[in-house]
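Structure, as structure tokens:
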Amino acid sequence: MAKSSTSEIIASLDIGTSKIVALIAEINGNNELKIIGVGTEASRGLKKGVVVNIESTVDSIGKAIKQAERIAECEINTCLLYTSDAADE
């Protein structure tokens, strides 16, 4: 996916108990949002919204991000993060 020189790239990460989703989107000059990369991975190292194994959690996050980067043909350095409160589970 070729990115326009007048666009902005943003990334989002949703860390849930069952899966982790990474999204990469492009915002063009008309403020239109286009999803250009998606990565999903089974959530490992989490139990009821609480990290119980940090290494497994980091590995799952990394895999989801790498999938999204591969599809979007770009590398992300920062992202918006969403995670539910363990009390919500």
Side-chain angles (χ1 to χ4, degrees):
M1 166 71 47
K3 267 61 80 203
S4 167
S5 61
T6 60
S7 66
E8 178 183 357
I9 302 296
I10 61 170
S12 175
L13 188 61
D14 181 358
I15 301 175
T17 300
S18 62
K19 69 179 175 180
I20 296 172
V21 179
L23 292 175
I24 301 175
E26 178 178 39
I27 303 173
N28 67 20
N30 297 324
N31 282 332
E32 297 169 325
L33 185 69
K34 179 179 180 182
I35 304 296
I36 60 172
V38 179
T40 61
E41 183 66 24
S43 188
R44 307 222 190 283
L46 292 166
K47 186 172 184 178
K48 295 185 179 180
V50 177
V51 175
V52 295
N53 183 319
I54 190 70
E55 292 85 8
S56 294
T57 304
V58 168
D59 184 55
S60 293
I61 291 168
K63 287 178 179 177
I65 290 172
K66 289 297 177 199
Q67 287 176 24
E69 288 177 331
R70 194 170 35 255
I71 293 167
E73 296 179 358
C74 70
E75 186 175 307
I76 61 170
N77 298 311
T78 59
C79 71
L80 305 170
L81 173 66
Y82 174 79
T83 183
S84 64
D85 186 337
D88 291 342
E89 300 281 328

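- Using a 4.5 Å cut-off between side-chain heavy atoms of Ile, Leu, Val, Met, Phe, Trp and Tyr, with links allowed through other members, Val52 and Ile15 fall into different hydrophobic clusters.
- The two atoms that bring Gly16 and Leu46 nearest to each other are O-CD1, 3.4 Å, heavy atoms only.
- Note that the OG atom of Ser56 and the CD1 atom of Ile61 stand 11.0 Å from one another [nearest 0.5 Å].
- Scored by the side chain to side chain contact (heavy atoms under 4.5 Å, CB included) test, Val58 finds Ile54 as partners (sequence neighbours excluded).
- Taking Glu41 as the reference, nothing meets the salt bridge (Lys or Arg N to Asp or Glu O under 4.0 Å) condition, with sequence neighbours excluded.
- Partners of Lys47 according to the salt bridge (Lys or Arg N to Asp or Glu O under 4.0 Å) rule, which considers only residues two or more places apart in sequence or in another chain, do not exist here.
- The minimum heavy-atom distance between Gly39 and Gln67, with the atom names listed, is CA-OE1, 3.5 Å.
- For the atom pair CD of Glu69 and CD1 of Ile76, the computed distance is 5.0 Å after rounding to the nearest 0.5 Å.
- To the nearest 0.5 angstrom, Lys66 atom NZ is 5.5 Å from Glu75 atom CD.
- Side-chain atoms of Ile71 and Ile24, non-hydrogen and from C-beta on, never get closer than 4.5 Å to each other.
- The two atoms that bring Thr57 and Ile20 nearest to each other are O-CD1, 4.4 Å, heavy atoms only.
- With Thr40 contributing its side chain and Val21 its backbone, the two residues share no donor-acceptor pair below 3.5 Å.
- Here the closest heavy-atom approach between residue Leu23 and residue Val38 is recorded as CD2-CG2, 3.5 Å.
- Closest approach of Cys79 and Leu13 over heavy atoms only: SG-CB, 3.9 Å.
- Here the straight-line distance linking atom CD1 of Ile10 with atom CD of Glu26 works out to 10.5 Å at 0.5 Å rounding.
- Of all heavy-atom pairs between Ala68 and Ala22, the closest is CB-O, 3.8 Å.
- Judged purely by atom type and a 3.5 angstrom limit, Asn28 uses its side chain to pair as donor or acceptor with the backbone of Asn30.
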